[in-house]
Amino acid sequence: MADEAAALLGDSVEEAYDRARTSKLTPEKAQELRHARWCVYASQFLHKVAWGAYSVVSPFYLALFMSTAAAANVATAEWAAYSIGQVLCTPILGAATDQAGRRPVFVVCQLAITIMFLVLFWPNLYWWAVTGFIQGCFSCTWAVSITILVDCVSNGAPPGGDDDILIMRLFRRIATPASETLDGEVRQELAVAVTALWFVAGTGEVVGYGVGYGLWAVLPSWLAIISCGFFQLIGALIVYAYLPETAPSCKPFSYAEALDSAMIAVKAQTQAVAMVLRDTRSTYLTASYVQQYFALTGVTDLCVFWGQAKYDWSAQAAAIYLAVFTISPGVGALIGSRLLYPSQLRYAKSIALMLFSAAVGCVLEGLASPTVASAIGLSILATAGGGVYPAILALLTPDVAPGKQGHLQGALYAIATLGSVAALGIYLALFNTTETFLNGASIWLLSALFFCFAALFSYAAGERITVERGQAKHPVIPGSPP
């Protein structure tokens, strides 16, 4: 597997970034990369506004037609179908961005997701499962967005650079440690880039919760659920109108070549495991990434139904809780990016400590939150530690070539999503079993278990050691071939 992985990695992002630091971008290239970053920010912000509004509206929309338990079953079936669609298609579409380019894949996926948002008015389990599956098939926009930002970093134009918008420049200054010796460290740039996208998306989702409450309070129920998709439509139009191509090398798009690219991508999917699990350390980091995804996916899917069962939440209470629930991992991501290079803890210990604190928070949230106020407060501890996974993603990224980043990001996302399908079934079964006597609190206990495993895997991954060879730093990774 090591030889196969080495053939896949090629010239790494780290080497491309080092070359970019010694050369200057042309004004035209700098403008293209600037527009690419802005399109990613806008599209992810608006997508998350739509998703946040949907997260508030959908549980109450379903509750008009069925019981809380039945509504939870419909929502989970939709999410599971969505996850299956992601598993099947995200690696293929991610690899296709390396062949046909980022732009055509991104545009098609944005439009397909928009259509699915606009047809959720029929509260039927099978209809929601079908629409969830189709949306999942095209929901590689997060992976492609990260890939575009990796392209920008590879070209020496990271998010928060000198030509970026003011708020992103301020975010980079806050998220990056002050030490001058870290300015040329690509892992720090990638951690900040992924965290910045989280910041943008999380802000959009929080705004979406307020929008969702407003839609539910003002509009008829059927129009409220459909209106969530209008924000996604605006994002899709921005991508179509302004997103430039950022792939290192791709051909002008044509439908015939797109079909050939899809076939190549299907073949490339068989290589995804070798790329992601390329050495012992990458395997441990991937395992931690997957466990965190499980923990956050389960409680995100069912926390509103848990609140309805335990506190009889209104749409307003749900919107406030979801806002805090979403902000907390963003805070954790910011802390995680600053803990990457502390003098004492280093990578493994700092990440493991934050994940273990999330496990403790989940136990307290499930068993020791008698009021809505305490539930909101404990959710901060329960979810903030999950915000370190952008840092883990940054650790997994730079050893892979820029031309393989679409494949890598799609593979990572699909592997995590594959496991989440089974995890969602377990969460739903626990919720249904314990709804009457624990108000579904077992979902928090299961997330605590996943966070504990994630902490152990992160700690076991150890540190990334470098040795000097001439003028360059070459990685010596525990578990890698000599």
Side-chain angles (χ1 to χ4, degrees), residues 146 171 174-179 182 185 187-199 201-202 205 281-300 303 324-366 368-369 376-397 412 416 420 423 443-464:
I146 292 176
F171 182 87
I174 294 170
T176 305
S179 174
L182 296 179
E185 175 57 68
R187 280 159 185 76
Q188 184 65 17
E189 292 287 10
L190 290 168
V192 173
V194 177
T195 306
L197 191 59
W198 251 47
F199 169 73
E205 197 160 356
R281 185 168 185 265
S282 297
T283 301
Y284 284 147
L285 289 172
T286 301
S288 180
Y289 175 86
V290 169
Q291 297 291 320
Q292 293 170 63
Y293 194 88
F294 290 178
L296 291 175
T297 296
V299 292
T300 300
C303 69
V324 175
F325 186 93
T326 301
I327 291 171
S328 298
V331 174
L334 182 60
I335 295 172
S337 68
R338 294 191 67 86
L339 288 179
L340 285 176
Y341 292 96
S343 58
Q344 298 295 327
L345 293 178
R346 298 288 295 167
Y347 287 110
K349 293 180 181 178
S350 60
I351 291 175
L353 179 63
M354 293 186 67
L355 291 170
F356 183 74
S357 71
V360 174
C362 285
V363 173
L364 295 175
E365 180 75 310
S369 55
I376 292 174
L378 288 172
S379 72
I380 298 173
L381 180 62
T383 58
V388 303
Y389 93 67
I392 292 182
L393 190 61
L395 298 179
L396 285 165
T397 295
L412 284 171
S420 75
I443 64 173
W444 291 102
L445 302 181
L446 180 58
S447 286
L449 182 63
F450 283 137
F451 274 129
C452 284
F453 279 119
L456 291 174
F457 281 122
S458 294
Y459 186 80
E463 311 299 342
R464 184 180 188 277

Rounded distance [0.5 Å steps], OH in Tyr284 versus OG in Ser458: 12.0 Å
Non-neighbouring partners of Ser447 that pass side-chain hydrogen bond (donor to acceptor under 3.5 Å, both in side chains), sequence neighbours left out: Tyr427
For Phe450, all residues meeting ring-ring contact (aromatic ring centres under 6.0 Å, His included), sequence neighbours excluded: Phe294
Non-neighbouring partners of Val324 that pass side-chain contact (heavy atoms from CB on, under 4.5 Å), sequence neighbours left out: Ser328, Ile376, Ser379, Ile380
Polar side-chain atom of Gln292 near backbone of Ser288 as donor-acceptor pair, under 3.5 Å: yes
Spacing of OG belonging to Ser357 relative to CG belonging to Leu355, to within rounding of 0.5 Å: 7.5 Å
Partners meeting side-chain contact (heavy atoms from CB on, under 4.5 Å) with Ala358 (sequence neighbours left out): Phe451
Non-neighbouring partners of Ala448 that pass side-chain contact (heavy atoms from CB on, under 4.5 Å), sequence neighbours left out: Ala359, Cys362, Val363
Nearest-0.5 Å distance, CD of residue Glu365 to CH2 of residue Trp444: 4.5 Å
Residue list, side-chain contact (heavy atoms from CB on, under 4.5 Å) with Thr300, at least two apart or on another chain: Trp79, Phe325
